[in-house]
Amino acid sequence: MEPGNVTRVSEFLLLGFSETHGLERLLFGLFLCMYLITVLGHLLILLAVSSQSHLHTPMYFFLSHLSLVDICFTSTTIPKMLLNIQTHSKAITYAGCITQIYFFIVFVGLDDFILTVMAYDRYMAICHPLHYTVIVNSQLCGLLVLVSWIISILNSLLESLMLLRLSFCSDLEIPHFFCELKQVVQLACSDTFPNDMVMYFSAGLLAGGHLTGILYSYSKIVSSIQAISSAQGKHKAFSTCASHLSVVSLFYGTSLGVYLSPAAIRHSQSSTTASVMYTVVTPMLNAFIYSLRNKDIKRALERILGR
C-alpha cells in the first residue's frame, strides 16, 4: 500500500440506521424509552439488594454487579446513537470510536464472566448445599468479581492497543450503529492478521470458556435436580436457576446469532437489528426477568416503594 493512499483518520461514519429515512423521531423515542427503562430497572435492583439485609447473599451480590455492568454496557452505545439520530449525524471521532470499542469489550467480557460466576454459584448451592456457605463466602465472591474486572480490562486494553497500529484508507463507513471491533478492523488497509488472531484467540478462550463453564454447571445442576425425590423440591431448586438461565439464553442466543451469521448478513440491515437485540433489548429484559420473576426482589421493591 502506497503512503499516499492512506488517510489520516479523524472520524468514522456509523451507517446502522441509514435505511430508516423518516423514522428518526420514532427511533429516537423508542431507544430513549428502552434506555431509560434499562437504567431505571437495574438501579432499582441495585437499590433493593443494597438496602435489604436479607439479600446480602452471594447470589444477589453477583446480581447487583450484573445490573451495574448492564447499565454501563448500554451506556457505552445508546447515548451516542441517540445523539447521532437527534443531530442527523453519522459521525464518530477516531478517539471516540476506539474509546467505545474499549468499554464495549470490557463490559461484554464482564457480562460473560459474571454470568459464568452466577452459574457456579447456583451449581454450588444445589449440588453441594452443605459446603456452600463455607466455600462461597464473601472473600471468594469479592475475589471472583475482582478477577473478572482485571481480565476483562486487560483483554480490552490489548484489543484496543492493537487497533492503534492499523492504518485506514478512504472507506471509513461502519455498517453498524456503534463501533464494532471486527468491522473496524476490516476497514484497515494495513495487515490485520495479528488483530484477527488476537480476536479469535480471545473469543475462543474467554467466550468459549465461559459458555463451557455454564453448560457444565447446568449439566450437574440438572442431574442433581433429577435426583430430588419430591416434586416440590425439584420445583424449588429449578426456580432458583430460572432467572439466570433465561438471561444466559438471551445473551448468548442473540450475540452468537450475530457473530456466527454469514458475512453477507453481518453487513446487512438485519445484522444491525440483531445487534440491537443483545446490546439494547437483552439488558432491558434482564431487569424485568430479575425483578418480575424473583420473589425476593419483588418483595424488596414493594417495601422500598411503600406498597
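Every value quoted in this text rests on a predicted model; they were computed, and no experiment measured them.
- Residues F177 and V276 meet the side-chain proximity criterion, which asks for heavy atoms closer than 4.5 Å.
- Under the 4.5 Å side-chain criterion, counting only non-hydrogen atoms from C-beta, W149 is not in contact with I114.
- A distance below 6.0 Å separates the ring centres of H210 and F113.
- At a threshold of 4.5 Å between non-hydrogen side-chain atoms, the residues T192 and Q186 do not count as touching.
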>> Run L110 and F107 through side-chain contact (heavy atoms from CB on, under 4.5 Å) and show every step you take.
In response: CA-CA 5 Å; L110 279 168; F107 295 121; 3.9 Å; yes
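- Contact annotation: the side chain of I45 never approaches that of S64 to less than 4.5 Å [non-hydrogen atoms, C-beta and beyond].
- For the residue pair N155 and S202, the shortest heavy atom distance occurs at OD1-OG, 2.8 Å.
- Q100 contributes atom CD, which lies 7.0 Å from atom CG of L14 (distance to the nearest 0.5 angstrom).
- For the pairing with N195, the side chain to side chain donor-acceptor pair (under 3.5 Å) check across K182, E159, R165 returns one residue only, R165.
- For the atom pair D112 CG and L211 CG, the distance stands at 8.5 Å (nearest 0.5 Å).
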> Hey, mind stepping through I37 and F288 against side-chain contact (heavy atoms from CB on, under 4.5 Å) and telling me if it holds?
Replying inline: CA-CA 9 Å; I37 291 171; F288 281 104; 3.6 Å; yes
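- In this structure, the ring of Y132 has its center no less than 6.0 angstrom from the ring center of H128.
- Counting heavy atoms of neighbouring residues, nucleotides and ligands inside a 6.0 Å radius, atom NZ of K220 does not exceed 12 of them.
- No more than 12 heavy-atom neighbours from other residues, nucleotides or ligands sit within 6.0 angstrom of NE2 on H235.
- Contact annotation: the side chain of D121 never approaches that of V117 to less than 4.5 Å [non-hydrogen atoms, C-beta and beyond].
- Taking each heavy atom of H42 and S67 in turn, the nearest pair found is ND1-OG, 3.2 Å.
- More than 12 heavy atoms of other residues, nucleotides or ligands shown are found within 6.0 angstrom of NE2 on H54.
- A distance of 7.0 Å separates CG in N286 from CG in D111, rounded to the nearest 0.5 Å.
- Contact detail for E11 and L13: the closest heavy-atom pair is OE2-CD2, 4.3 Å.
- Put simply, the side chain of L187 does not reach to within 4.5 Å of the side chain of C169, judged on heavy atoms.
- Using a 4.5 Å heavy-atom threshold, the side chains of I214 and Y252 count as touching.
- Closest approach of Y60 and L55 over heavy atoms only: CB-O, 3.0 Å.
- L144 has its side chain out of reach of V147: every pair of non-hydrogen atoms, C-beta onward, lies at least 4.5 Å apart.
- C141 and V136 get closest at one heavy-atom pair: SG-CG1, 3.9 Å.
- Of all non-hydrogen atoms in S152 and G109, the two that sit nearest each other are OG-C, 3.4 Å.
- F103 CZ to S75 OG: the interatomic distance, rounded to the nearest 0.5 Å, is 11.5 Å.
- With H244 as the partner, the ring-ring contact (aromatic ring centres under 6.0 Å, His included) test is satisfied by one option alone out of Y218, F238, F62, Y120: Y218.
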